[in-house]
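Count residues from 1 along the sequence. Note that the structure is a prediction, hence the values are computed from the model and not measured. Side chains are part of it too, since the values below use all heavy atoms of this structure and drop only hydrogens, waters and symmetry mates.
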Amino acid sequence: MEAALDLFVERGFHGAPTSLIAQRAGVGVGTIYRYFPSKEELIHNVFGEVQFRFHKRLSRSDVEGAPLQERFTLLLGRLLAAFISSPRDFRFLEQYHYSPFADVDRPEVPALEENPLVRLLREGRDAGLFKVTPLPILQAIALGPAVALAKEHIAGRLSVNKNTSRLAARACWDALLR
């Protein structure tokens, strides 16, 4: 799966044939099909694994019980740090998200509602603190700047640190408020 992840990021989904994935992994093509019935299943499984890694970084219990704004700042900071520290995984998530593969209903992939940041956005909206708007819009307001900052940092055009992260979280927080 790691060889597939590398190649998907380097060459795209269509530019990474299973023969090349097998070669990179040091296995026969048949080995891939022993574990995954199709290349599409491999792609979805790689997505599930990468998404799980990001969920795990966000789901630490030390934010529970803290005020909503503090939890938001911590979660957004952790997400931004995860994007920056794992650029390959970050690029893959973006690639997958904007591909037709993301439109397939996958019960084994954690639902959007299981994401701690999305739960926090729902909580803020339901409490009347955030704008009354669909969750995907709140998520775009909250995550858009983190994604843009991560891209700038990875490209070497901006150094993102804890202060930058806090400033971004504050701006996102203000944008979410009613």
Side-chain angles (χ1 to χ4, degrees), residues 1-60 72 75-122 125 133-157 160 168 172 175-176:
M1 284 180 48
E2 292 299 316
L5 176 58
D6 287 339
L7 286 167
F8 294 148
V9 169
E10 290 170 21
R11 303 173 60 114
F13 296 126
H14 299 296
T18 52
S19 59
L20 189 57
I21 295 168
Q23 181 183 12
R24 174 79 60 98
V27 299
V29 175
T31 302
I32 293 174
Y33 290 110
R34 184 174 302 131
Y35 293 97
F36 307 101
S38 67
K39 182 178 169 185
E40 290 76 19
E41 284 300 312
L42 173 60
I43 292 168
H44 291 305
N45 276 273
V46 169
F47 170 74
E49 176 61 30
V50 171
Q51 187 181 42
F52 174 77
R53 290 195 286 242
F54 280 106
H55 273 254
K56 191 172 165 186
R57 290 186 73 172
L58 289 180
S59 297
R60 294 183 11 212
F72 178 80
L75 287 173
L76 202 67
R78 282 190 188 146
L79 189 61
L80 181 55
F83 288 165
I84 288 170
S85 67
S86 305
R88 177 189 67 160
D89 289 0
F90 169 61
R91 287 184 179 122
F92 177 80
L93 284 182
E94 269 217 313
Q95 179 183 9
Y96 184 93
H97 180 74
Y98 292 109
S99 77
F101 295 110
D103 296 333
V104 176
D105 189 25
R106 309 288 306 163
E108 71 276 4
V109 172
L112 180 67
E113 293 79 24
E114 294 176 31
N115 181 313
L117 186 58
V118 174
R119 282 196 313 266
L120 185 141
L121 293 172
R122 179 184 293 109
R125 182 192 63 190
T133 189
L135 278 173
I137 295 173
L138 294 177
Q139 190 175 12
I141 292 167
L143 293 177
V147 168
L149 288 172
K151 286 180 179 181
E152 291 297 311
H153 180 88
I154 291 166
R157 293 186 291 263
V160 174
C172 292
L176 290 166

J.: Working to the nearest 0.5 Å, report the span between OG of S38 and CD1 of I32.
T.: 11.5 Å
J.: Looking at A146 and L80, what are the two nearest heavy atoms and their distance?
T.: O-CD1, 3.3 Å
J.: Can any side-chain N or O of H153 pair as donor or acceptor with the backbone N or O of V160 at less than 3.5 Å?
T.: yes
J.: Indicate, with yes or no, if the rings of F101 and F13 have centres closer together than 6.0 Å.
T.: yes
J.: What pair of heavy atoms forms the shortest contact from P87 to I154, and how long is it?
T.: CB-CD1, 3.6 Å
J.: So, do L76 and L143 sit near enough that their side-chain heavy atoms are less than 4.5 Å apart?
T.: yes
J.: Are any non-hydrogen side-chain atoms of I43 and K39 less than 4.5 angstrom apart?
T.: yes
J.: Starting at CG of N115, measure out to CG of L120 and round the result to the nearest 0.5 Å.
T.: 10.0 Å
J.: For a 4.5 angstrom cut-off between non-hydrogen side-chain atoms, does D89 reach L5?
T.: yes
J.: Looking only at the aromatic ring of each residue, does the gap between the centers of F83 and F54 stay below 6.0 angstrom?
T.: yes
J.: Under 4.5 Å between any side-chain heavy atoms of Y35 and L42, yes or no?
T.: no
J.: So do R34 and T31 actually touch side chain to side chain, heavy atoms under 4.5 Å?
T.: yes
J.: Evaluate the side-chain proximity of E94 to H97: yes if any heavy-atom separation is below 4.5 Å, no if none is.
T.: no
J.: Heavy atoms, side chains only, cut-off 4.5 Å: are F47 and H44 in contact?
T.: no
J.: What distance separates L121 CG from I137 CD1, expressed to the nearest 0.5 Å?
T.: 12.0 Å
J.: Can you establish whether the number of heavy atoms outside Q23 located under 6.0 Å from its atom CD is more than 12?
T.: no
J.: Which atoms form the tightest heavy-atom contact between R57 and R78, and what is the distance?
T.: O-CD, 3.5 Å
J.: Donor-acceptor pair, Q95 side chain versus F8 backbone, under 3.5 Å?
T.: yes
J.: Hey, could you give me the CG/CG distance between L20 and L7, rounded to the nearest 0.5 Å?
T.: 4.5 Å
J.: May I have the step-by-step check of side chain to side chain contact (heavy atoms under 4.5 Å, CB included) for F90 and I84, ending in yes or no?
T.: CA-CA 8 Å; F90 169 61; I84 288 170; over 6 Å; no
J.: Looking at every heavy atom in both A142 and C172, which two are closest together, and how far apart are they?
T.: O-SG, 3.5 Å
J.: Give, for atom CG of L93 and atom CZ of R53, the distance between the pair rounded to the nearest 0.5 Å.
T.: 9.0 Å
J.: So which atom in A3 and which in I21 form the shortest heavy-atom distance, rounded to 0.1 Å?
T.: CB-O, 4.0 Å
J.: First locate atom CZ of R122, then atom CG of L138, and finally report the distance between them rounded to the nearest 0.5 Å.
T.: 10.5 Å
J.: Among R11, R91, R88, which one satisfies salt bridge (charged side-chain N to carboxylate O under 4.0 Å, His left out) with D6?
T.: R88
J.: Quick one, Y33 and T18 - any side-chain contact, counting heavy atoms below 4.5 Å?
T.: yes
